[in-house]
Amino acid sequence: MDYNRIEKKWQEYWEKEKINYFNPKNADKKYYCLEMFSYPSAAKLHVGHWYNYGLTDSFARYKKMKGYEVFQPVGFDAFGLPAENYAIKTGVHPKDSTLKNIENMEETLREMGAMFDWNSEIKTCDESYYKWTQWLFLKLFEKGLAYRKAAPVNWCPSCNTVLANEQVIDGQCERCHSTVVKKNLTQWFFKITGYAEEVLSGLNDLDWPEKTKSMQRNWIGKSTGGEIEFGTESGDKFKVFTTRADTLFGVSFVALAPEHPLVAKLTTPECKEAVDHYIYETSKATEIDRLSTVREKTGVFIGAYAINPINNKKVPIFAADYVLYSYGTGAVMGVPAHDERDFVFAQKYDLPIVRVVKGKDGENDDLPFTQYGITINSQKFDGMTSEEAKKAIVNELVKQNKGEHKINYRLRDWLVSRQRYWGAPIPVIHCDKCGIVPVPYKDLPVKLPYDVEFKPDGKSPLAKHEGFMNVKCPICGGDAHRDPDTLDTFVCSSWYYLRYPDAHNAKEPFSKDIVDKMLPVDKYVGGAEHACMHLLYSRFITKALRDMGYLDFDEPFKSLVHQGVILGPDGMRMSKSRGNVISPDDYIKQYGSDTFRLTLMFGFSYTEGGPWSDDGIKAIGKFLDRIERLSDKVVQLKAEKNGNFGKNEKDLDYVRNYTIKCVDKDMDTFSFNTAVARMMEFLNALYKYDALSEKNAKFMREAFSDFIMLLAPCAPHFSEEIWERLGNKKSVFLSPYPVCNEAALVKDEVEVAVQFNSKMRGRIVVPAGVSEEEIRKILSQDEKLAPMLEGKEIKKLIVIPNRLINVII
RNA sequence: GCCGAGGUGGCGAAACAGGCAGACGCAAGGGACUUAAAAUCCCUCGGAAGAAAUUCCGUAUCGGUUCAAGUCCGAUCCCCGGCACCA
């Protein structure tokens, strides 16, 4: 078959017949199938795109044949750093290179033959899209969910911009791997922490990979404990957060983060020099050093003492850089006997180690003892379990107004401003008189100017563009200037799935009616690397929009699948520098896109991925050739003669229906490799039947038609072609998916395994559903098995119907 | 350290809910067809012993539960992904 020719033929046909487009009239049967949209890169589609888009398309086509009105849109996450960095290197404007890349990708995506609904295409860099990204920002601002504050932020000196916590990996920039430094800057944040509890608890009901849910849980990092107020001799007070209030009697020191304001205030003159020196040394340490767990715990006594509210004991206050100012209260109580860090610290600075919890059963003398146990040395709280003591001690402090129950989250607010050019401008105006003034909705979009000098110098490129920057204040009419920062591209991608179903709406980002009908996304497919970024941000934005009344559901993605990663033939991640990149194009030219797609389906477990091997594609080529050869025979079959439905027909009918049942289920669960395996078995059975001298032509034709329908989602062009050759006038994708006839799966006779004392001893054929009695009889007559039973007493007979018989003798 | 997912032939991988381990394919070997090659078709293909029938062993390691364990339980080792001085 001339694959490249028929691919074109059917792609044109689908386009002409509108096979791929979602019909809103059938929205009650909608199935929203979405692949994570991609960044428009200059290179052609790589294997990863194919693996994501191609295979999920097969799933979508399967759903379509199952009777769903499938909505499978496509678009581009078009803002972002690579285009800008490319521009800095080559002088090609980001807009020009991006639009050109998009054009390229559109073309190759069409060549894939996926049933994308191109009518709903989105490009986040279009004014008609980012207008609504800005709208979203303003709505969050109105709600108090977008705010500006000065804070120590992650700064990538190479990208010349701030980064969200999520974009810092091991202290390095996610993108360029430069070491990230802390800078004190005033930046825009989204208040995702306000939704910490809901994004956490909502995970329980999601059909998502457990791994991803646990990564989000981890990232959100909920811990339940108490905040306890310590006094000082000077009358100042500060709070510590602890999850182990049961160890409060064991406190022998208190440690404050070096940045904590009380450090400067409480340090005594005698200690000032040492403390200043310590703070200076700390500030020199890089973020990576400071975050290392193996780093020695250090600190410095500041000369002041704190008073433990539970027993009024005086304990020394230290400044210590293992205490993070950004978490909890920036102050911790030191309980050396029951915390490893505190233990090391106490040994180093010779502080008392007081045990206040003992093991529940038996003595455990090892310190630090970090498990829960029974309280000791804790006055009236002695003898309680840790769980009880935690509550009781905080309750006692609540009464004295010196503490409260408290939940802390590790999650930080999402830093969304970027000092870069190629993004959506932040739609606010800074006025000396009126402060921060949101751009009026009627003035959106705030257009990103084209003629901008974006060579990096540590400041936002837009700041240098006077025509952009200088505006009149919408309130007072006086001179004012725009915000020179742009939004993190994750803001653009945090709501795109809402825009697709109503992509051309010029009056609002999306109609409430439409999204309430079309969302949540029924199946979302993409890489696992987005677990704590895109997937978390989108959930937050959905909930925020819900609370503002713009939609009526809680979660954007009901069901999520992560595809695995296809590695180079050497088992390493594909990269140009390694020279192990597999280019789909070469294979598609030679074997066709369906062959390539099927190879990916059959060769890997979808969620695992693995190294590419050249051998697989030849095998699939052979498989398709075999199908084509058989189709020629089927077409030429003379219908008349044999209308019998005997044993051979029954056998084939069994395989046919078994295949339908299995493939149906496998497609539904992204178990593509086994679905293809079942189809191969079916084809083998069809060949076996075809080899018979007597065959029922009508029946074989039907069985073969079923085969092609099962294959169609996985090899769309090829199947359409064969389908047409079989004499069908309409697209195979308009025919209903085959339904398994359960009756055909009931066999008269089954082969079961026979074990004696649990060891395999042979196989026998028995009528389906025989009684134990009959089995005994059959066994005693079996010429191979009967002699082995002679003179032995059958103590017990275990029968697993249609599978196995275990004879205990 | 914590959380999560894994470890099955020469290779990619299957195994519903504890019930014939290795489906389906690749590679390899043998054969048929052919002048020959390609293509196609047939057979073998976890290991060991045996002429064979057959037997024994085998799902990272050790132990347990069970008539029966890749699957369940306990311990250990290894690999991958994530988090990590989070109090």
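Chain A is the first sequence line, chain B the second, and so forth, proteins listed ahead of strands; every chain is numbered from 1. Nothing here was measured: the structure is a model prediction, and the numbers come from that model.
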Would the A:Tyr349 and A:Phe301 ring centres measure less than 6.0 Å apart? no
Counting the atoms with a prime plus P, OP1 and OP2 as sugar-phosphate, which does A:Arg678 contact under 4.0 Å by heavy atoms, base, sugar-phosphate, or nothing? base
For the C1' atoms, the ones on B:C57 and on B:G74, what distance do you get once it is rounded to whole angstrom? 25 Å
Just to be sure I understand the rule, does A:Arg217 reach a base, reach only the sugar-phosphate, or reach nothing, if contact means heavy atoms closer than 4.0 Å? nothing
For the side chain of A:Tyr322, counting heavy atoms from C-beta on, which of B:C85, B:C26, B:C56 is nearest? B:C85
Measure from NZ on A:Lys297 to P on B:A84 and round the result to the nearest Å. 15 Å
Closest of B:C24, B:G19, B:C83 to the A:Ile798 side chain is B:G19
So which nucleotide from B:G4, B:C56, B:C85 ends up closest to the side chain of A:Lys759? B:C56
According to the interplanar angle, ranging from 0 to 90°, do the rings of A:Tyr591 and A:Tyr587 count as parallel (below 30°), tilted (30 to 60°) or perpendicular (above 60°)? parallel
When rounded to the nearest Å, what value does the distance between P atoms of B:A13 and B:G30 take? 28 Å
Residue set satisfying salt bridge (Lys or Arg N to Asp or Glu O under 4.0 Å) with A:Lys391, at least two apart, ordered chain then number -> none
Toward the 5' end of RNA chain B, by each residue's nearest nucleotide, A:Ser758 or A:Met680: A:Met680
Between B:C83 (P) and A:Arg410 (CZ): distance, integer Å: 8 Å
Would you mind classifying the nucleic acid contact of A:Asn684 as base, sugar-phosphate or nothing, using non-hydrogen atoms under 4.0 angstrom? sugar-phosphate
Could you pull out all residues at least two apart from A:Lys661 that satisfy side-chain hydrogen bond (donor to acceptor under 3.5 Å, both in side chains)? A:Glu742
Distance in angstrom units between A:Phe604 CZ and B:C11 C1', rounded: 12 Å
Distance in angstrom units between A:Gln755 CD and B:C67 P, rounded: 13 Å
Check for me whether A:Lys747 meets the cation-pi criterion with A:Tyr654, that is, NZ or CZ under 6.0 Å from the six-membered ring centre and within 45 degrees of the ring axis. yes
Strand contacts (RNA chain B) in residues 617-625 of chain A, 4.0 angstrom heavy-atom criterion: A:Ala619, A:Lys622
Whole-Å gap separating C1' (B:C67) and NZ (A:Lys795): 11 Å
Using the P atoms only, state how far B:U44 lies from B:C26, rounded to an integer number of Å. 15 Å
Considering every strand and a 4.0 Å limit on heavy-atom distances, what is the contact class for A:Asp615: base, sugar-phosphate, or nothing? sugar-phosphate
Plane angle bin for A:Tyr3 and A:Phe718 - parallel if under 30°, tilted between 30 and 60°, otherwise perpendicular: tilted
Give, for atom CD1 of A:Ile353 and atom NE2 of A:His338, the distance between the pair rounded to the nearest 0.5 Å. 10.5 Å
For B:G25 versus B:C42, give the span between their P atoms, rounded off to a whole number of Å. 11 Å
Between A:Glu210 (CD) and B:G4 (C1'), how many Å, whole number? 8 Å
For B:C11 and B:A17, measure between their C1' atoms and round to the nearest Å. 31 Å
Which nucleotide, B:A23, B:G25, B:A87, lies nearest any side-chain atom of A:Val332? B:A87
Interatomic distance where CZ belongs to A:Phe756 and P belongs to B:A68 [whole Å]: 17 Å
I want to know whether A:Tyr658 and A:Phe682 have ring centres closer than 6.0 Å. no
From B:A87, B:C20, B:A14, nucleotide with atom closest to A:Ser605 side chain: B:A14
Counting only side-chain heavy atoms from C-beta out, which of B:A87, B:G19, B:C24 sits nearest to A:Ile800? B:G19
Regarding A:Ile808, tell me which of base, sugar-phosphate or nothing describes its non-hydrogen contacts under 4.0 Å with the strands shown. sugar-phosphate
Of the listed nucleotides (B:G12, B:C85, B:A87), which one gets closest to any side-chain atom of A:Tyr327? B:A87
Could you check whether A:Thr298 and A:Tyr278, counting side-chain N and O atoms only, form a donor-acceptor pair closer than 3.5 Å? yes
Just checking A:Gly609: base, sugar-phosphate only, or nothing, at a heavy-atom cut-off of under 4.0 Å? sugar-phosphate
Going by side-chain contact (heavy atoms from CB on, under 4.5 Å), name the residues that satisfy it together with A:Asp690, two or more places apart in sequence or in a different chain. A:Leu630, A:Lys633, A:Lys695, A:Met700
Between A:Thr212 and A:Gly610, the residue closer to the 5' end of RNA chain B by nearest nucleotide is A:Thr212
With the side chain defined as heavy atoms from C-beta on, A:Asn218 is closest, among B:G82, B:G81, B:C20, to B:G82
Suppose you measure atom P in B:C72 against the same atom in B:A15; what distance do you get, rounded to whole Å? 14 Å
B:A37 versus B:A49 - spacing of their P atoms, nearest Å: 35 Å
Are A:Trp50 and A:Phe604 an aromatic pair by the rule of ring centers under 6.0 Å? no
What interatomic distance, in whole Å, is found between C1' of B:C83 and the corresponding atom of B:A5? 15 Å
Between P on B:G81 and CD on A:Gln563, what's the gap in Å once rounded to a whole number? 16 Å
Using a cut-off of 4.0 Å on non-hydrogen atoms, how would the nucleic acid contact of A:Asn673 be classed: base, sugar-phosphate, or nothing? sugar-phosphate
Base, sugar-phosphate alone, or nothing: which one does A:Arg761 contact when heavy atoms must sit under 4.0 Å apart? sugar-phosphate
In chain order, what residues pass the salt bridge (Lys or Arg N to Asp or Glu O under 4.0 Å) check against A:Arg776, with sequence neighbours excluded? A:Glu772
For A:Glu751, report the nucleic acid contact type (base, sugar-phosphate, nothing); a contact means any heavy atom under 4.0 Å. base
Given that both pair distances must be under 3.5 Å and the pair must be Watson-Crick or G-U, what runs of three or more consecutive pairs involve RNA chain B? B:1-4 with B:80-83, B:10-12 with B:24-26, B:28-32 with B:40-44, B:46-49 with B:54-57, B:60-64 with B:72-76
Using OP1 and OP2 only, check whether a side-chain N or O of A:Thr243 sits under 4.0 Å from B:C86. no
Per the O4'-C1'-N9-C4 / O4'-C1'-N1-C2 angle with a 90° window around 0, B:G31 comes out anti
Would you say the side-chain atoms of A:Ser605 and A:Asn673 include a donor-acceptor pair closer than 3.5 Å? no
